[in-house]
Amino acid sequence: MTGNVQTLAIMSAGMKILRETLGILEAEIFITNIKNPGHDYTEWRENLWEDLTLHELLEKAAKSEKKHGVPKGVTHI
């Protein structure tokens with residue numbers, strides 16, 4: 001059951017971030033597109049942070065954690 005609680009916490013935090021960042025309509029459009037059977041999420045994600053150094057990526061993660069917090073059940077992002 002712990003895995004399910006963590007998954008729910010992560011999904012809730014993700015939805016909150018999407019709504020706050022994109023707004024409700026754009027968040028729904030994003031979710032619809034990511035669920036599109038023709039969209040390969042793994043391939044899309046593969047090069048998502050390609051132009052960032054590891055240091056820049058860690059800085060972005062730290063800023064996001066500071067701004068949005070860490071979902072319940074997750075020890076650290």
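- The shortest distance between side-chain heavy atoms of Ile31 and Met15 falls below 4.5 Å.
- Separation of atoms CG (Leu25) and CZ (Phe30) is listed at 14.0 Å; rounding is to 0.5 Å.
- Both Leu18 and Ile34 sit in one connected hydrophobic cluster of ILVMFWY residues. Membership requires side-chain heavy atoms under 4.5 Å apart, directly or through other members.
- With sequence neighbours excluded, no residue forms a side-chain hydrogen bond (donor to acceptor under 3.5 Å, both in side chains) with Glu26.
- For the atom pair CG (Leu58) and NZ (Lys63), the distance works out to 12.5 Å, reported to the nearest 0.5 Å.
- At most 12 heavy atoms of other shown residues, nucleotides or ligands fall within 6.0 angstrom of atom CD1 in Ile24.
- Between the side chain of Glu20 and the backbone N or O of Ile17 there is no donor-acceptor pair closer than 3.5 Å.
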